[in-house]
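Starting from 1, each residue takes its place in the sequence as its number. Atoms within a ligand are numbered from 1 in the order they appear, just like the ligands themselves.
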Amino acid sequence: MNYFSLNHSSPIASFKQAVVNGIAPDRGLYYPENITPISQDFIDHITEYSNEEIAFEVIKQFIGDEIPPEKLKEIIKKTISFDFPVVAIEKNIGSLELYHGPTMAFKDVGARFMSQCLEYFNQDNKEDITVLVATSGDTGGAVANGFLNAKGIQVVILYPSGKVSDIQEKQLTTLGNNITALEVDGVFDDCQEMVKTAFLDEEILKKLTSANSINVARWLPQMFYFFFAYKKLYKTHKDIVFSVPSGNFGNVCAGMMAQQLGLPVKHFIAANNDNNVVTRYLKTQLYAPVKSVQTISNAMDVGDPSNFIRIQEIYKNKFDSLQKNLSSFSFNNSQTRKAMLDIYTNHDYVADPHGAVGYLGCKAYLELSLIHI
Ligand SMILES: *Cc1c(COP(=O)(O)O)cnc(C)c1O
């Protein structure tokens with residue numbers, strides 16, 4: 001599969017080049033040249049396939065012949081070796097639990113997939129590749145765990161001092177070997193800025209790649225979740241709306257790619273915290289990124305979501321098509337805390353702040369839909 005840069009002034013890249021580069025030389029995000037829907041027959045019989053078979057069917061066109069099928073199956077098997085349950089919370093609202101991986105971040109899937117692809121692509125190379133990543137908490141842990149002992153790969157993680165939880169700090173700093181964590185005296189934006197600066201240096205860039213969702217190998221495997229959820233709900237629910245707690249918009253964008261592959265999805269909701277540039281955009285048509293503010297759902301504290309440009313591409317920059325497929329709502333800390341308490345008190349379910357924001361997104365959407373009827 002070939003990828004082009006969304007800034008349109010870089011050469012076309014293979015999957016391998018896109019993974020190894022992370023970002024295109026013109027600083028644009030890579031996007032697949034073609035998206036071919038998978039067969040309707042496959043989707044109609046989804047309950048008869050294992051998660052591994054579904055994942056293979058979903059991802060294979062994005063890799064093409066650059067990884068042999070048997071190797072790709074092995075990579076998938078190691079990537080998704082845990083469960084992805086959908087747990088009912090209340091009538092018509094369920095929680096797609098993506099925290100059953102080794103670091104409890106949904107990013108485990110992308111990190112494990114990417115590390116194995118990179119290891120495969122770099123196996124004959126004498127020089128190590130360095131993966132440089134900034135984290136507000138979840139990404140770093142998943143990347144550290146997913147890349148631990150990957151051959152030919154060094155990982156450097158930048159994290160803001162005092163801004164990640166104790167367990168996250170341990171996940172980042174205690175593995176050793178090829179994982180180096182650097183504590184930065186600053187906030188997440190400062191870490192992100194340092195990463196961006198490194199990527200501007202052409203000499204360093206040759207040996208460097210990124211492991212956040214701008215990298216296609218971390219972003220695209222997230223399509224699996226949406227297919228797995230569809231499979232789980234196939235017999236009982238027809239019109240599925242996904243409310244995705246969003247920060248950098250990689251996850252919701254992967255859901256939209258799944259929809260491009262033919263997955264029946266009725267609607268998407270991007271649930272935001274106070275970092276609500278997209279919520280505001282859908283209201284005003286003005287895209288106005290701002291500096292991020294700190295909230296209790298810190299993995300969503302992003303002021304200028306990198307993947308939004310991919311979403312624009314999916315809908316061909318047509319605001320109307322986007323608006324038809326995506327709603328967005330934002331919730332502050334006290335609404336989030338109240339939702340966590342409500343979910344626990346009324347439904348005996350423990351939601352973390354990100355999940356609670358997603359739940360509030362569902363409620364807001366349902367309320368609006370009722371008004372429209
Ligand atoms: C990373 C993360 C998000 C944000 O996902 P994006 O793909 O960046 O939008 C939301 N919730 C949790 C728990 C996360 O770890």
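For K238 and Y234, the positive end sits near the middle of the six-membered ring, less than 6.0 Å away and at most 45° from its axis.
For residues 46-57, the salt bridge (Lys or Arg N to Asp or Glu O under 4.0 Å) pairs, not counting sequence neighbours, are E57-K60.
Screening F84, F82, Y49 for a ring-ring contact (aromatic ring centres under 6.0 Å, His included) involving F228 leaves a single residue, F84.
Around ligand 1 you find F106, K107, D138, P245, S246, G247, N248, F249, G250, N251, A299, M300, H354, each with a heavy-atom distance below 4.0 Å.
Relative orientation of the F319 and Y281 rings is perpendicular, given thresholds of 30° and 60° on the angle between their planes.
At distances below 3.5 Å, at least one donor-acceptor pair connects side-chain atoms of T209 with backbone N or O atoms of V20.
Counting heavy-atom neighbours within 6.0 Å of K232 NZ, excluding the residue itself, gives a total above 12.
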